[in-house]
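Start at 1 and go down the list; that is how both ligands and their atoms are numbered. Here the structure is a predicted model, which means the values were calculated and not measured.
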Amino acid sequence: MAPEKQKRSRPAPNTSQRSKKRQKIEPVNNGKPLDKRRVAVDALPWNEVVMPEMFDDAEGFYGLEEVEGVEIVRDGGTVQFVSAAAQKAAYDEDDEFEGFGDDDTVGEIPKKSNDGETKSAKPPKDKKAKKDKPKKTPTKEPNLQVAAEELKGNVFKALEEDAAEEGTDVSAWKDLDLSSNILSALSKMGFSTPTPIQAAAIPEILAGHDVVGKASTGSGKTLAFGIPILENWIELCGELDEDESKESRPPTALVLSPTRELAHQLTQHITTLCKGLSNSPYVTTVTGGLSVQKQQRQLSKADIIIGTPGRLWEVMSSSNTLTDSFRQIKFLVVDEADRLLTEGHFKEAEQILNALDRQQDADEDDDQHSPTRQTLVFSATFAKGLQQKLAGKGKQGLMDGQESMEYLLKKLNFREDKPKFVDVNPESQMAAGLKEGVVECGGTEKDLYLYAVIMRLVPMLQTLGLPAYALHSQMAQKARMRSIERFSSPAANGSILVATDVAARGLDIGGVQLVIHYHLPRAADMYVHRSGRTARAEATGSSILLCAPEEVVPMRRLAAKVHAQNAVVTGKGKNSKYYMRSLDIDRKVVARLSPRLTLAKQIADSALAKEKKGHDDDWVKQAAEELGVDYESEEFETAGGGRKGRGTGRRIKEKEARGLTKGEVGALRGELRGLLAQRVNVGVSERYLTAGTVDIDELLKGAKGDFLGKVDGIGMDDI
Ligand SMILES: Nc1ncnc2c1ncn2[C@@H]1O[C@H](COP(=O)(O)OP(=O)(O)OP(=O)(O)O)[C@@H](O)[C@H]1O
């Protein structure tokens with residue numbers, strides 16, 4: 001559907017009436033003159049949908065094109081489109097197109113994609129058509145812009161090349177005894193120093209030990225296991241020719257991940273490192289939402305397999321050959337282990353583990369044999385009792401009770417009696433650069449406070465044309481990927497990802513400034529992982545929890561668990577020093593924003609209510625599953641701020657909203673537009689607001705709170 005394709009498929013032009021505009025715009029309809037801005041669907045300015053590299057192996061709707069700023073006009077049975085851009089294109093072609101000169105470099109002119117990135121336009125394939133066309137006089141303004149972008153692109157490219165040529169000094173890695181191949185790849189990535197978990201875990205893994213690694217979110221756990229796996233691959237296969245015995249050699253590593261997004265991200269992260277190697281392994285992702293057949297084909301030649309348990313089990317169990325080759329892996333990695341080995345994934349993870357061990361058991365007639373593979377288990381959170389046991393401080397060994405993390409750790413069948421437990425942050429589970437805060441608000445006011453918090457942080461969002469993207473498991477995989485891609489695009493300044501806990505773990509999106517917990521996380525580990533989407537890799541960031549009165553007690557318990565290590569013994573007993581501060585959101589500002597929210601909700605409810613009717617319950621149930629809670633449970637209703645009651649209220653509102661006429665919704669929209677046009681002083685000094693971003697540290701400074709009883713903390717003394 002690319003415009004060039006359409007041009008080629010058009011009938012030969014009548015030279016006496018030569019007008020491309022006419023080919024695109026119907027002049028009359030039933031004798032009536034048509035809006036000249038109307039264009040045929042194939043004349044719209046379609047842009048190719050660019051998928052991020054991490055989804056390279058994904059199948060589905062790829063090759064799609066998209067178009068923006070187009071209005072659909074229905075005229076009887078005819079559907080037409082109005083597009084300013086298409087009109088401009090038609091105008092340019094008619095009035096200014098004079099053909100290509102010899103020195104035209106169409107194939108190299110970067111064009112701006114929708115996401116703001118520049119990319120090269122495809123050279124026209126039909127050379128003859130190119131010659132026949134008269135010379136084009138370029139329009140000045142767009143070309144200046146193109147030139148500037150081209151220049152900018154070239155400057156960045158040159159800088160990147162310089163950096164790649166010079167390379168980063170990696171002498172700080174020397175104690176880890178890595179190969180020059182890996183060192184050079186690290187240098188190209190710009191990683192001058194190993195992170196603590198990398199410095200601690202890599203030597204243990206290289207020495208052949210099983211490792212259980214704990215380190216805070218964003219601390220580089222992926223490469224802590226990725227580097228030793230690559231070292232092993234380089235040693236065994238690094239000298240082989242590209243295709244030599246690729247089909248027949250067994251995979252080196254199998255990495256289990258709890259979510260699809262994390263699996264793709266792990267693949268991307270490891271692949272990026274591989275790009276710096278002289279010869280690289282074949283890394284593939286096996287996740288739901290993508291074609292099984294393609295994944296099976298890829299698996300037959302894969303060196304490193306990264307996948308979610310459900311799909312992995314589906315693919316594995318359907319092929320004995322694959323299962324046999326998986327049994328020969330050198331490394332089994334369980335990432336985000338506490339999540340993966342409990343809740344929902346338990347069955348498939350256990351089936352995979354059983355399948356990996358079955359053959360050997362049959363041969364050796366011994367259930368307790370030691371497998372040849374190394375098992376590597378990583379997470380930012382492990383239950384405290386389990387940590388003690390792993391660290392050798394507990395009285396008993398791992399327990400046998402089914403459906404517990406401990407039981408599954410037993411099932412992992414480590415090759416050593418005891419895996420090495422590497423805990424690089426025993427004092428805290430939270431990333432060093434993370435600031436945490438709490439906003440007190442009524443349970444039903446969370447939307448309003450969410451808006452108020454966002455308004456304080458990114459002034460440009462005052463337009464309420466918030467660039468927000470959804471992410472939940474009910475979405476099609478392609479839509480999930482698109483949301484992440486758009487949210488993480490460098491051009492998406494100030495964007496918002498509204499996600500269920502499917503995004504809580506592992507996702508490594510650079511530059512996330514703030515995590516807002518709209519609902520209180522059910523468990524302390526979930527709080528740690530959610531908050532860990534910011535303040536990654538030495539960066540700073542903030543986490544704000546919207547806390548309704550009924551959530552105060554569970555929130556205090558949660559904070560006590562997360563920050564238990566900061567407790568100090570005083571004359572009065574054990575006092576905690578903690579970092580959650582109560583943020584004082586100016587209630588006057590909140591009150592000023594309230595009418596906007598009321599209108600926006602009415603409009604949104606009206607649209608949604610018409611669309612989704614009874615599906616809400618399913619969605620809530622699904623979200624509850626992702627949170628790892630029982631939808632029916634009373635506890636969930638209480639912790640979630642009385643979900644049942646709210647749900648009922650919402651349903652009533654939706655019913656009311658369905659009753660709104662088009663005209664009434666239009667009037668509401670008009671009213672909202674009027675309000676949005678007004679400036680609201682969000683109560684933050686200009687000096688905190690720079691280039692659309694905010695010094696959140698400054699915002700948190702001096703925050704005061706009487707709701708929870710303390711200025712510096714959240715008042716946990718009485719717990
Ligand atoms: N040695 C290093 N120096 C600088 N940056 C690094 C280094 N190692 C990894 N990183 C970067 O740190 C970021 C976080 O790494 P990673 O995703 O592996 O964290 P994680 O510990 O797995 O986090 P989570 O627990 O949230 O999954 C990534 O963007 C990665 O590129």
Would you mind checking which non-hydrogen protein atom is closest to [atom], with the distance to 0.1 Å?
atom	answer
atom 21 (O) of ligand 1	Lys221 NZ, 2.9 Å
atom 12 (O) of ligand 1	Ala537 CB, 3.2 Å
atom 29 (O) of ligand 1	Asp508 OD2, 2.5 Å
atom 23 (O) of ligand 1	Gly218 N, 2.8 Å
atom 18 (O) of ligand 1	Thr222 OG1, 2.7 Å

Is ligand 1 less than 4.0 angstrom away from at least one heavy atom of [X]?
X	result
Ala215	no
His269	yes
Ser192	no
Met189	no

**OP:** Keeping to residues at least two apart or across chains, list the ring pair (Phe, Tyr, Trp, His ring centres under 6.0 Å) pairs with something in residues 202-225.
**Re:**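 Checked against ring pair (Phe, Tyr, Trp, His ring centres under 6.0 Å) - neighbours excluded - the pairs reaching residues 202-225 are Phe225-Phe378.
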Original post:
Can you check whether Gly220 has an N/O within less than 3.5 Å of an N/O in ligand 1?
Top reply: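 Such a contact does occur with ligand 1.
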**OP:** Return a yes/no value for Gln198: is any of its N or O atoms, backbone included, closer than 3.5 angstrom to an N or O of ligand 1?
**Re:**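 Yes, at least one N or O pair falls under 3.5 Å.
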With heavy atoms under 4.0 Å as the rule, classify the contact between [X] and ligand 1 as side chain, backbone, both or neither.
X	answer
Phe225	neither
Arg536	side chain
Arg533	side chain

Original post:
Nearest heavy atom to atom 1 (N) of ligand 1: which of Val528, Leu223, Leu266, Thr193 does it belong to?
Top reply: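 Closest candidate by heavy-atom distance is Thr193.
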Original post:
Which option out of Phe378, Trp173, Phe191 puts a heavy atom nearest to atom 3 (N) of ligand 1?
Top reply: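 It is Phe191 that holds the nearest heavy atom.
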Original post:
Any idea which atoms of ligand 1 are less than 4.0 Å away from a heavy-atom of Ser216?
Top reply: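 Reading through ligand 1 atom by atom, the close ones are 21 (O).
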Subject >> Contact atoms of ligand 1, heavy-atom distance to Ser219 under 4.0 Å >> reply: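 With Ser219 as reference, the close atoms of ligand 1 come out as 19 (O), 20 (P), 21 (O).
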Whether [X] side chain and [Y] backbone form a donor-acceptor pair below 3.5 Å:
X	Y	result
Ser187	Val170	no
Arg311	Gly307	no
Trp233	Ala253	no

Rounded at 0.5 Å granularity, tell me how far [atom1] in [X] sits from [atom2] in [Y].
X	Y	atom1	atom2	value
Ser280	Lys275	OG	NZ	9.5 Å
Thr195	Leu223	OG1	CG	8.0 Å
Leu254	Ile305	CG	CD1	6.0 Å
Ile202	Leu176	CD1	CG	5.5 Å

Original post:
In this structure, which one of Ile352, Val333, Asp335, Ile306 forms a side-chain contact (heavy atoms from CB on, under 4.5 Å) with Leu256?
Top reply: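 Exactly one option meets the side-chain contact (heavy atoms from CB on, under 4.5 Å) with Leu256, and it is Ile352.
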**OP:** Output all residues satisfying side-chain hydrogen bond (donor to acceptor under 3.5 Å, both in side chains) with Glu231, sequence neighbours left out; order by chain, then residue number.
**Re:**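 With neighbours one apart ignored, the set is Ser179.
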Subject >> Stepwise side-chain contact (heavy atoms from CB on, under 4.5 Å) test for Met481 and His264 >> reply: CA-CA 10 Å; Met481 290 168 170; His264 284 287; 3.7 Å; yes
